[in-house]
Structure formats: C-alpha cells, structure tokens
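Here's the structure, in structure tokens; my notes come after.
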There are 2 protein chains.
Amino acid sequence: MLKTLEPTQETFQQFEKKYKALADAKRLEILHLVQKHSSVCVCDLAEMIDMPQSKLSYHLKLLLEAGYLTVKKKGTWNYYSIHDEELNNVLSPELCCLFRNEDKC
Amino acid sequence: MLKTLEPTQETFQQFEKKYKALADAKRLEILHLVQKHSSVCVCDLAEMIDMPQSKLSYHLKLLLEAGYLTVKKKGTWNYYSIHDEELNNVLSPELCCLFRNEDKC
DNA sequence: TTTATATATCAAAAAAAATTGATATATAGA
DNA sequence: TCTATATATCAATTTTTTTTGATATATAAA
C-alpha cells in the first residue's frame with residue numbers, strides 16, 4: 001500500500017534510543033575509530049582514545065545496544081566492528097562517510 | 001582534493017549537539033507534528049501534544065538551536081516550521097519521511 | 001487604558017546519564 | 001597450578017538534562 005502510516009509513540013521511542021547513542025562526541029569518535037580499524041579490541045581502543053577501560057566499556061555497551069556495533073570474542077579479547085546496516089538506516093549518506101569507507105567518499 | 005579529512009574533536013561535538021536534539025521521543029514527535037502542519041504556533045502545538053507550554057517552549061528551543069526549526073512571529077504568536085535542509089543533512093532519506101512530505105514517500 | 005492571551009525565561013527540584021574506582025570472571029601463558 | 005591480562009559490571013558520586021510552577025514581556029482586543 002502507498003499510504004504512509006502514522007508513526008506511533010513506540011516509533012519515536014525507538015528512534016530516541018538510536019539517537020541517544022549518537023548524542024555524545026566520545027561515542028561518535030569511538031564509532032569513527034572502530035570503522036577506521038575495521039575491528040578493534042577494547043584495550044587497543046582505550047589507548048587510542050585515551051579513556052579508562054570501564055568508561056569505554058560503558059560507551060561500547062550503549063552503542064552495541066543501539067545496534068551500531070557488533071562484537072566477536074577471541075580469547076580474552078573482545079573485538080568490536082561497525083554494524084553498517086544499522087548506521088545506514090539512521091544516518092544521512094554524507095554522514096555515513098564519517099563511519100564507513102566508501103568508494104564514493 | 002579527493003582525500004577525506006580526518007574529523008576533528010570539534011566535528012564530533014557539533015554532531016553531538018545535532019543528535020542530542022533528536023534524542024528524545026517528545027522532540028521527535030514535535031518535529032513530526034510541525035512537519036505535518038507546515039507551520040504551527042506554540043499554543044496549538046501544546047494542545048496537540050498535550051504538554052505544558054513552558055515545557056514545550058523548552059523543547060522547541062533545543063530544536064531551534066540545533067537548526068531543525070525556524071520561527072516566524074505574527075502578533076503574539078510564534079509559528080514554527082521545519083528547516084528541511086538541516087534535517088536532510090543529518091537524517092537518512094527513509095527517516096526524512098517521518099518529518100517531511102515527499103513524493104517518493 | 002485595562003484586560004486577556006501567547007510566549008519565553010528563570011530558579012528550584014527531580015530525573016537521567018556519565019564517571020569513577022573496585023571487583024569479579026574468564027582466558028592465556030608460565 | 002599460579003599469575004597476569006582483558007573485559008564487563010557494580011555501587012557511589014558527579015554532572016547534565018528535564019520538569020515544574022511562577023513570572024515577565026509583548027501584543028491584541030475591549
């Protein structure tokens with residue numbers, strides 16, 4: 001059908017969560033760094049961004065819960081990567097360039 | 001030049017502000033309602049969204065400062081409208097449909 | 001001029017989010 | 001097995017954001 005459905009309260013709440021995760025300079029920097037390195041473990045990232053580990057883990061958790069990151073465990077290390085589809089759903093194409101490597105950028 | 005510039009701390013802070021403004025279900029609803037009505041005054045909007053006027057003015061201020069809205073004064077009334085360009089800069093095309101009327105939606 | 005209405009803003013209180021330091025768990029390597 | 005490292009999580013504190021009710025300002029209408 002062609003008709004646009006009226007967004008519900010729930011819709012707005014879902015986007016609130018998505019945007020809240022992006023509403024922090026440090027988390028945006030984290031996303032950018034993760035993108036740049038494709039896959040990074042917490043300790044390396046903590047060094048790059050100069051942030052205490054527990055703090056970083058907190059921010060990673062928010063980004064993860066919002067769907068912007070994925071994790072893979074390797075031994076004691078947790079490697080984080082960008083979840084492109086989720087980011088693309090939310091960000092304008094111009095902004096995606098900040099968080100993805102694309103030919104067109 | 002073709003090379004992508006590294007984003008600075010300042011860049012991330014600017015986007016933090018942009019996303020913060022969107023990181024609230026009520027503000028998203030406000031944006032949607034303003035879009036739907038093209039141009040609305042505070043008192044009408046307050047009724048539509050069932051929100052005390054001072055609270056609404058607070059949220060309108062944040063959206064205005066983030067650049068997503070414009071105001072026009074007519075007598076005692078302040079009419080708010082969507083600032084499309086700003087929204088488009090930040091939102092994915094799919095999301096813009098929530099806040100704009102477009103042929104393709 | 002007086003009265004009523006629309007709006008923004010302010011200060012105080014409440015609520016939510018972020019930071020910190022400590023600790024628990026799991027794994028790798030000696 | 002023992003030790004060291006990577007990570008997540010927790011409780012307490014601090015910071016930021018939101019809400020509330022009151023008030024000031026401006027305009028319109030009587």
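Chain A is the first sequence line, chain B the second, and so forth, proteins listed ahead of strands; every chain is numbered from 1.
Here B/Ile30 contributes atom CD1 and B/Gln35 contributes atom CD; the two are 14.0 Å apart, rounded to the nearest 0.5 Å. Between the CG atom in B/Leu45 and the OH atom in B/Tyr80 there is a gap of 9.5 Å [rounded to 0.5 Å]. Here A/Lys26 contributes atom NZ and A/Ile49 contributes atom CD1; the two are 5.0 Å apart, rounded to the nearest 0.5 Å. The line from OG1 of A/Thr8 to CD of A/Gln14 is 7.0 Å long, rounded to the nearest 0.5 Å. For the atom pair B/Lys18 NZ and A/Leu28 CG, the distance stands at 13.5 Å (nearest 0.5 Å). In this structure, NZ in A/Lys72 is found 15.0 Å from SG in A/Cys41, a value given to the nearest 0.5 Å.
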Polar atom pairs (N or O), protein with nucleotides 14-17 of chain C, under 3.5 Å:
unit_1: C/dA17; atom_1: OP1; unit_2: A/Lys20; atom_2: NZ; d: 3.0

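Within 6.0 Å of the CD atom in A/Glu10, the count of heavy atoms belonging to other residues, nucleotides or ligands does not exceed 12.
Each of A/Asn89, A/Leu22, A/Ile82, A/Asp84 was compared with A/Tyr68 under the side chain to side chain contact (heavy atoms under 4.5 Å, CB included) criterion, and only A/Leu22 meets it.
Distances shorter than 4.0 Å separate some side-chain N or O of B/His59 from OP1 or OP2 on D/dT19.
By the 6.0 Å and 45° rule, B/Lys74 stacks over the aromatic ring of B/Tyr79.
Taking atom CG on A/Asp24 and atom C1' on D/dT15, their separation rounds to 13 Å, with Å as the unit. For A/Ile30 and D/dT7, the CD1 to P distance is 13 Å, given to the nearest whole Å. For the pair A/Leu60 CG and D/dA6 P, the computed distance is 15 Å after rounding to whole Å. Taking atom CG on A/Leu69 and atom C1' on D/dA8, their separation rounds to 15 Å, with Å as the unit. Rounded to whole Å, atom P of C/dA18 lies 14 Å from atom NZ of A/Lys26.
Non-hydrogen atoms lying under 4.0 Å from DNA chain D are contributed by A/Thr76, A/Trp77, A/Asn78, A/Tyr80, all within residues 73-81 of chain A. Sorted by residue number, the members of residues 45-56 of chain B with any non-hydrogen atom under 4.0 Å from DNA chain D read B/Ser54, B/Lys55.
B/Ser81 has its side chain within reach of B/Thr70: a pair of non-hydrogen atoms, C-beta onward, lies under 4.5 Å apart.
Between A/Tyr19 and B/Tyr19, the angle of the ring planes stays under 30°, which puts this pair in the parallel group of the 30/60° scheme.
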